[in-house]
Structures are given as C-alpha cells and as structure tokens.
There are 4 protein chains.
Amino acid sequence: MARTIGSEGARTEAAIREAAARLFARHGFEGVSMRRLAEEVGVQAGALYRYFPTKQALLADMMADHLRRLLDAWEAEPKPRADPPAELAAFARFHVRYHVDRRDEVFVNYMELRSLAPDHFSQIAALRDAYEAPLRDILARGARAGQFHVPDLPVTAMALVAMLTGVTRWARPGGRLDADALADLHAALALGAVRAPHPEPSCFTPA
Amino acid sequence: MARTIGSEGARTEAAIREAAARLFARHGFEGVSMRRLAEEVGVQAGALYRYFPTKQALLADMMADHLRRLLDAWEAEPKPRADPPAELAAFARFHVRYHVDRRDEVFVNYMELRSLAPDHFSQIAALRDAYEAPLRDILARGARAGQFHVPDLPVTAMALVAMLTGVTRWARPGGRLDADALADLHAALALGAVRAPHPEPSCFTPA
Amino acid sequence: MARTIGSEGARTEAAIREAAARLFARHGFEGVSMRRLAEEVGVQAGALYRYFPTKQALLADMMADHLRRLLDAWEAEPKPRADPPAELAAFARFHVRYHVDRRDEVFVNYMELRSLAPDHFSQIAALRDAYEAPLRDILARGARAGQFHVPDLPVTAMALVAMLTGVTRWARPGGRLDADALADLHAALALGAVRAPHPEPSCFTPA
Amino acid sequence: MARTIGSEGARTEAAIREAAARLFARHGFEGVSMRRLAEEVGVQAGALYRYFPTKQALLADMMADHLRRLLDAWEAEPKPRADPPAELAAFARFHVRYHVDRRDEVFVNYMELRSLAPDHFSQIAALRDAYEAPLRDILARGARAGQFHVPDLPVTAMALVAMLTGVTRWARPGGRLDADALADLHAALALGAVRAPHPEPSCFTPA
DNA sequence: CATGAATGAGCATTCATTCAT
DNA sequence: CATGAATGAATGCTCATTCAT
C-alpha cells in the first residue's frame, strides 16, 4: 500500500506539536514530562527525540513557528491603507480573532518566554518585535495626523497588545461571545484608548 | 524564659517569602526547587518545612497574602466619590503604581494560578474577584451616567485589568519612566478606552 | 524485529524480586531503601520503577505471589485422604519443608502485613485464609471422628500455624537438622498437640 | 508546692516508654519518627534526647526492660515443683497470660530484634535465652522421667515458644476468649505436643 | 521509525539529631 | 526540663535523555 505523502513521520511530528501546545498551555512547560507528552501522542518517550533534539528545542520551535504563522497571517490579511483608525481597528480585530482561535499556542508563547535559553529567547523576541512593528507604525502615523493621542509610543503599543492578548486568558470556545464579537469589542476599546480626545474643532473649522 | 519577640523564626519566614517571590517570578513555580529557594534564604532545604508544610502551600500563602494586601491598600487609598471618570483614573493609577512596585508578587499571582490545587485556586479566585468588583462598579455607574460607553461590562473590565497589569511584564525600576509617569499614561489609556465617544453635542446644544 | 523472549527485562524483574525478598527479610520493609535494593540488583534506583510502580506495590506483589505459589504447591502435593491424623502430619510436613526452603519470602509475608495499605492488606489476608482453610477442615473432621481433641477450632489452627512457621525464625540451610528432619519433628509435635488424650481403652477393650 | 516523687522527668520517661511500645508495635521501629513519638508524649522531639541518647538506645532499653520484667515475673510466679507436666502447664499458662496482657511490648521484642545493632542484640539474645532456660529444663526432666517424648530438645523448646507467643498476633482485649481461657487452651496444646504417646504401660505394670 | 531498558541527576519531603536559649 | 530552629543526610520517586535492538 502506498504511503501517505510526508509519511508516518510527518504525521507524528504534527501530532507532537499539537499535543505539546495543548499540554504546555494547560500545565506549563516544566509541568509536562516527555513521557506524558509521548503518551498523548501514542508513542514511547524515546521516539520524540527523532523529531526534536531536546525538550527546550521543541518549545523554541513551537514558539517560532507560531510567530511566523502569525506574521504570515497578518501579511495575508486584507487591510485598509492610509487610514490609521481603520488600520488600528483592523489590527485589533485580526489580533483578537487570531489569538482566540489559537489559545493554546498563544498562551505558551506569552508564558514560556522565561523557559527559553538565551539564544532561543532572542530569536523569539525578534519575531515578536517584528509582529508589533506595524502596530507602532499605525500609532505613529495616526498621531502625526492628529487622529490619535499617543504621548508615549512604546508604552502605548505594549499596553494595547497586553489588552488585546488578555482575552486568551478567559475566552473559551462556545462561550457567551464568539470570536467576532470579542474582536469588535476589543477593537472599540483599543481605538478609544488612543483616539484624540477633542475632535470638537470639527464643529467650527472647515479643515 | 521567653524568646525575643520576632526572633530568628519570624525573620526566616519573611526571608522565605521574599526569596520565593523573586525566584518564582523569574523562573516560575515549577522552575524553582526547594533547594534553590533554601540556598537563596541561606538555610538548608529541610528548614523551609518549619514554615510551610508544602511548596504548594507556600505558593498559595504568598498569593493570598499579596491579594489581601492589595485589597487593603485599595481600601486605604483616598478616592474621589460619585465621579466615575475620576474614580476610574484613580483606580488605574493606583493599580499601576501598586503593581509596578511589586512586580514579582504580581507576576507570580497572575502566572501561577494554574499551579494551584483546586481548593487553593478557588480561595485565590475569590480574592481576585473581590479586587475587581469596584472596577466593575465604577464602569457600571459611569455607563448609567452616560459618561462611559460600555457595551459589555465583564469583557471591558477584564480587558482594562489586562492592559493595566501588562506593565509588569516589561517595566523595570530605574527604567525610562517612573511609576507615576506609567500610572498617568495607563490611566489616560483606560479612560479613553471607555469614554463615551461623542461629546460633540457640546457644539450644538446649549446644555 | 521482535526482542528475544525473556530478555533483559524479565531477568531484571526476577532479580528485583529475589533481592527484595532477601533484603526485606533481613532488614524489614521500611529498613530497605530503593537505592539499596537497586544496588543489590545492579541497576540505578530509577530503573526499579519500570517494574513496580511503588515500593508498596512491590511488597504486595511479592507477598501475593508467594501465597499463590504456596497454595499451588499444596494443591499439587500428594495427600492422604479421609485420615485426619495422616492428613495433619502431611500438612505439617509440607508446611515446614516449604517454609524452611523459602525462609526469606515467608518471613516477609508474616512480618510485613502491617506495611500494607488497606486494599493490599485485604487481598493478602484472603489468600492466607484460603491457605489455612484445609488445616481447619482437617482438624474439624478429626475432631468429629474422635481422633482429635479440639476444644476451640480457630485458636488451635492459629496456634499450630504459629508453631509450624516459627521454624523460619532460626532454621538455617546447612544447620544441624535438614528440612526433612525438621518437618518430621514438627509434624509429631502438631499431631501430639491435638491428639485425643485417652487411647487407654486399648488396655481393656477387645476393639 | 512539693514535687511528686521522681518529679516531672520520671513521668515523662514513663510516658515515652509507653508511647514507644504502642507506636513501635503498630508501625514498626523504623516506621515511627522521633517527632511522631514526641507528639504522642506531648513534648518537642528534642526533649526525648534528655531521656534516651538515641532512638536505637530507646529500643534496646525497652526490650531489655521488658525481658527483665518478664524474668522477674516468672521468678515470682508460684510454681509446682518436681512435676514436669504440671510445670510445663504452669509455664505455658504464665507465658500466655503475661504476653496477652502486654501485647505491644511483646510484639516489639519479637519483631524488632533485627533493628538492633550487634552489641544491643547480644544483650537481648542473652536475656531471651535466660527466659527460655527453665522451659528447656522442664522438658529435659520430663523426658528423663518418661513423661514427655522429646526427640530434639532445642527444636521442641523453640517450637513451643513460637506457638505460645503466636497468640499475641491476633488476640485482642475484649475478644471472644479472655486471657485465662487462652492460657488454658494453649497449655493443653503444649502439653499434648510433648506428652509421651503411650501411657499404656500403666495398664500392665505395677510401676 | 520506534521500542524497551536504563542512566544519573534531580525532585519534594522527612529523618535523627544538635544546641543556644 | 524543655523549646524552637536548624542541620545534613536520606527517602521514594520522576525527569530528560541515550542507545542497542
């Protein structure tokens, strides 16, 4: 019988990643043993080492993988251009929707930075910074245009990301609100947080 | 003859709490061994068990202690009354200042909930809920008064807490901004996030 | 490719059982550490846990195993029928011979009942009761036939077992008397202990 | 206020001995910690070391003490003289009654020999031997007089002691039979075990 | 591609014991 | 006479990892 493309091995590796995301999210990186992970996958512990040289490498790999897919997804997202408020809303909506759908991976990414050895850490930190760069750019352009009030760009960007990511701490699939509703609510909060406080001039000035 | 009040024992217990907060925050609860903790305190591992019956009990004790002191501090805080926007700003400023000054304890409290056994967990969850209750109350009153736009109260409260707490992830003592500056910046963001969007009527109505 | 049947694993497990019987008998269950046991077997302590999930389970397993083999051996023993004195002598001889040859296992079985958790305990107690049942049966039939004087059946059965088992406390292979001699001596004592006291009628009656 | 004769200290020491007998009997010497013992007595663990230099010394002390009191009690016991069967019955009755009333101490004495260091061990072994000497003497005289059938003196003595002591393994105060009933039953068994099998000569010889 | 057996270090916890007070 | 604090070694057990098969 013909083998599936990518063969057994590829399927096993995918199963390891999935199981690791689930277990690391629930019990923490240090709280999951290779034996437990192997059991979830349905192999012996030794077999995991065919796919990842160490437990730490598995974690770093998962985290980098997640961030790269996040960046790709943002690239692929249809986005408004040259309209910072619309862009910010789009970013917030995208961020919440993407994160709510991938709670486990996100949780691991945000919680287990401290479990990384220094060289893995800087690789991951660079990817995260790359993902947050467009947000800083949107805020900067909106501020220059007088649409946003951003007294401190880096702090504001980090505060918004913290708020938008916080949703993964409590949102559950099948909860009261679906991903779209959560995305809209958070987009409104993010937009409000930085909106320039006095659009009153609009009453009097032609501008 | 009576022992000196506050003798060795009390000092050792305090040292354990301090060292535990520091180490748990940096390496995670599961990432710190009792041996490592004892070394930091300057005793042998066995001595820790004179003060806390298990490692888990030490964690739960620290978390409950932190939350009780947080609740007490908020009680003691001079607060504006009957002015939701001012109250929200006060809450945000208090929260950021308190949290930035106690980064380790906060971090442990927000990260290690999953390390708690169920009964410890519910005790801690109740304390956290008690702390967030005044925020929900402020938002509710502000919304009723038309000062805030709060389409979903619980989600908004959690989003604001996530934003205000996020600062502990990156703020360092001696960083570019001091606690007061960070408090002001976050208070403005929080207020903006829920501020009712159209004060425009002021242009047209006499009100 | 299939592993050799009875490979390393099976040999290691057998070695653990043997070493455990020897060490538990000499130093008591609580007096033997898993490290010490592993050393005797020639492996690291952790390796023991591939074969027995806990130290307690190892003990219970050994005890149940011993009792099952004892029951099987008694089943397989050629026995006189319908002649209680001969049956009692056969039981006594069997018991002493079997026990003298397996001093360590017997000693552990009789001494370490208290080290068992309740569920393990009742399993072992049931097996012991099953082994002593035939003895009670022999005594009962002999008493009914007037061949034995048994004023209290359970007490007598326990007293006999205590006497017959006591030999394991001091008998050593290569001692003054071999297993058969010990068996005969104890059989005579047991028989005497319950023999109906007055065969005197033989003097006067023709019977 | 006048101190009780023997003062606090003597009472504490007695309490330690009592608690130790109870706990060692139930959980084994190695199964009882000095802390647990101290708790039972109502003092801190350190206080035990005022009375016994080590845990091992406490055990040896208890065991020697028990055997000395046992020897003294046998000395003080009113005994038949020059009538081996009556003497054996008296010994058996005494042994069972004394042992049933002091189950904990007896149990510890018989079980924990192996927990003794060599020098303590030989001291205890000598005392036990001294206690069993009269039994061997009775058997020897009875055999010489043709009243007993004793093909092997040391084995018979040990077998009888094993039988008579076995009662402590299951007898409970308040059980179906009281100490006297148990003593009588065991005396009859012991006597029967060694009684010369054929008193028939009495039929024919004037003797 | 995976197993089954094992290692050696480490874990949380408990121990008998000491000693200043 | 006793406590409260601590030690240092040991306990049962789990871990990430290795490797012959």
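Owing to the predicted nature of the structure, the values given are computational and were not obtained by experimental measurement. Residue numbers start from 1 in every chain, and the chains themselves are labelled A, B, ... in the order their sequence lines are given, proteins ahead of strands.
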Practice task
Kindly write out the residues that satisfy side chain to side chain donor-acceptor pair (under 3.5 Å) with R114(A), not counting sequence neighbours, or none if the list is empty.
Solution key: E112(B)
Problem - Within residues 18-44 of chain C: residues closer than 4.0 Å to DNA chain E (heavy atoms) - result: R35(C), V43(C), Q44(C)
Handout entry: Considering all heavy atoms, the nearest V108(B)-F24(B) contact
Key = CG2-CB, 3.6 Å
Problem - Set of residues satisfying side chain to side chain donor-acceptor pair (under 3.5 Å) with respect to E40(D), sequence neighbours excluded - result: R22(D), R36(D)
Problem - For atom CD of E13(C) and atom P of dG4(E), their distance in whole Å - result: 15 Å
Handout entry: Nearest non-hydrogen partners of L37(D) and I16(D), listed with the distance
Key = CD1-O, 4.1 Å
Practice task
Could you tell me whether the side chain of F107(D) reaches within less than 4.5 Å of the side chain of M111(D), counting heavy atoms only?
Solution key: yes
Handout entry: Lys/Arg-Asp/Glu bridge criterion (N-O < 4.0 Å) met for R68(A), D72(A)
Key = no
Exercise for the section: Represent DNA chain E in dot-bracket notation, 5' to 3'. Only Watson-Crick or G-U wobble pairs with both distances under 3.5 Å count; pseudoknot-style crossings use [ ] and interstrand partners use |. Expected result: .||||||||||||||||||||
Exercise for the section: Only pairs at least two apart or in different chains count here, so list each ring-ring contact (aromatic ring centres under 6.0 Å, His included) that has a residue in residues 36-58 of chain B. Expected result: none
Counting only pairs under 3.5 Å, give me each side-chain donor-acceptor contact of residues 53-64 of chain C, with atom names and distances, residues two or more places apart or in other chains.
residue : atom : partner : partner atom : Å
T54(C)  : OG1  : A57(C)  : N            : 3.0
K55(C)  : NZ   : F29(C)  : O            : 2.9
K55(C)  : NZ   : V32(C)  : O            : 2.7
Q56(C)  : OE1  : A117(C) : N            : 2.7
Q56(C)  : OE1  : H120(C) : ND1          : 3.4
Q56(C)  : NE2  : S115(C) : O            : 2.9
D61(C)  : OD1  : R17(C)  : NH1          : 2.8
D61(C)  : OD1  : R17(C)  : NH2          : 2.8

Practice task
Check side-chain contact (heavy atoms from CB on, under 4.5 Å) between R35(B) and all other residues, then give those that pass, not counting sequence neighbours.
Solution key: S33(B), A45(B)
Exercise for the section: Could you identify which residues of residues 47-62 of chain D place a heavy atom less than 4.0 Å from some atom of DNA chain E, listed by residue number, or say none? Expected result: Y49(D), T54(D), K55(D)
Exercise for the section: Sequence neighbours left out, what passes salt bridge (charged side-chain N to carboxylate O under 4.0 Å, His left out) with R26(A)? Give chain and number order. Expected result: D104(A)
Handout entry: R11(B) CZ to dG4(F) P, straight-line distance once rounded to whole Å
Key = 18 Å
Completion exercise
In terms of heavy-atom contacts, E30(B) and H27(A) come closest through OE2-O, 3.7 Å
Handout entry: Interface residues of residues 109-119 of chain A with DNA chain F (non-hydrogen, below 4.0 angstrom)
Key = none
Problem - Phosphate-side-chain proximity, T12(B) and dA5(F), N/O vs OP1/OP2 below 4.0 Å - result: no
Completion exercise
Between the CD1 atom in I124(A) and the CG atom in D119(A), the distance rounded to the nearest 0.5 Å is 10.5 Å
Exercise for the section: Please answer whether the main-chain N or O of Y110(A) pairs with a side-chain N or O of R169(B) as donor and acceptor at a distance below 3.5 Å. Expected result: yes
